[in-house]
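Worksheet: one structure, shown below.
Counting starts at 1 for both ligands and their atoms, in listed order.
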Amino acid sequence: MTPGLALDFTQASRARVYNFFLGGKSWTEVDRETAQAVIRTSPDAPAVARENFKFAGRAAAWAVAEFGIRQVFDIGVGIVDDVPLDSVETCVHHVNPDAMVLAFDHDEVVLTHARALRPGYGAGFGGVLRGDVTDLDTIFDNPGLRHPDLAGRIDLSRPAVVVLAAVLHFVDDPAAVMAGLRERLAPGSVVVLSHATSSHIGEDRVGGMTAAYERGSSSIIFREEEAIAALADGWDLLPPGLTDVQLWSPDGTYQQEVYETVRVVGMAAVLPQAPGSEEVPHAALAS
Ligand SMILES: C[S@@+](CC[C@H](N)C(=O)[O-])C[C@H]1O[C@@H](n2cnc3c(N)ncnc32)[C@H](O)[C@@H]1O
């Protein structure tokens, strides 16, 4: 098991910086400095962060309802409990109160905040489980999944929704994560993914945001839209495909302002049956 990130208040935490953007209260001075350096370069960063947060909840809830899925793995959940927006868990429970939503993060900061902000949550198995998306054993073989409270509620032979919202831009090899998910998840599983992109954003802004994270002893990798779209290789892309998170909805009705100072794109994709096995058609598949 990977050890995760230790509690450290001298360096910016990606989770706390993001919490600042979202209007939460779980950040320190060093996080605020990093966030404000990002905002100086890209003033729309907080608005896009909020739209990314809403995208994750909207897309996960849609997938749960559309595909009748009852288990959700929210990987890289961040600090959500003091954020004035509906989390993935809340959105999913609006459409299916019985769905099991499990949250994972590799940052001790997130685990500590989850324990402090919702002490009663999850009874014995904990509000957020320690898991690193670059080592999927820590997610899918997490000992927390064997807690008696979860008995019968997690079944990896059945489809799951996996949420990777604004997490793969912190990972060196996101294609390896997607390949690992294809190996582990049942056909019919849905991945909901968002990622910061360098496409159609000035180089100076991308450079400025990257430098702001680096000064805070953190890092972020902006990728071209083409590279992000390629993460869906081996999956069937669902409508509307890869779009700005402000424009993502299967029926095209969700439309918010898109900015030129910072872009996060999102998509949902379903894992098809292995070649040669019986195909399960679904009306929602993108043509
Ligand atoms: C920008 S926040 C996004 C939070 C939430 N997913 C959202 O979109 O609203 C990124 C989160 O991913 C977590 N993270 C970064 N790298 C990770 C990794 N390798 N494994 C698990 N979590 C990771 C960070 O700790 C942070 O909480």
Ala49 near ligand 1, heavy-atom distance under 4.0 Å? no
Distance under 4.0 Å to a non-hydrogen atom of Val110: what atoms of ligand 1 satisfy this? 27 (O)
For Phe53, the atoms of ligand 1 under 4.0 Å from one of its heavy atoms are 9 (O)
Within-cut-off N or O pair, His106 and ligand 1, under 3.5 Å: yes
Test of proximity, Gly76 against ligand 1: N or O pairs below 3.5 Å: yes
Does Trp27 offer a backbone N or O that forms a donor-acceptor pair with the side chain of Arg32 under 3.5 Å? no
Judged by atom type as modelled, is there a donor-acceptor pair below 3.5 Å linking the side chain of Asn19 to the main-chain atoms of Lys25? yes
Distance-only side-chain donor-acceptor flag, Thr138 / Asp135, under 3.5 Å: no
Going by the atom numbers of ligand 1, which of them fall below 4.0 Å from some non-hydrogen atom of Asp107? 25 (O)
Non-neighbouring partners of Asp155 that pass side-chain hydrogen bond (donor to acceptor under 3.5 Å, both in side chains), sequence neighbours left out: Ser157
Could you tell me whether a side-chain N or O of Asp31 sits under 3.5 Å from a main-chain N or O of Arg16, the two making a donor and an acceptor? no
His195 side chain near Leu242 side chain, heavy-atom distance below 4.5 Å: no
Check whether Ser194 reaches the backbone of Ala165 with its side chain - one donor and one acceptor, N or O, closer than 3.5 Å. no
Is there any N or O on Ile75 that sits under 3.5 Å from an N or O of ligand 1? no
What do you reckon, does Ala165 have a nitrogen or oxygen under 3.5 Å from a nitrogen or oxygen of ligand 1? yes
N or O pair under 3.5 Å between Asp132 and ligand 1: yes
Polar contact flag for Asp105 and ligand 1 (N/O pairs, less than 3.5 Å): yes
Shortest heavy-atom approach to atom 21 (C) of ligand 1 - which of Ser219, Gly131, Ala196: Gly131
Relative to the heavy atoms of Val77, which atoms of ligand 1 are at a distance of less than 4.0 Å? 4 (C), 5 (C), 6 (N)
ring-ring contact (aromatic ring centres under 6.0 Å, His included) against Phe21, all qualifying residues, sequence neighbours excluded: none
Would His169 count as being in polar contact with ligand 1, using the rule that some N or O on each side must be under 3.5 angstrom apart? no
Between Glu51 and Tyr254, do the side chains contain an N or O donor and an N or O acceptor separated by less than 3.5 Å? yes
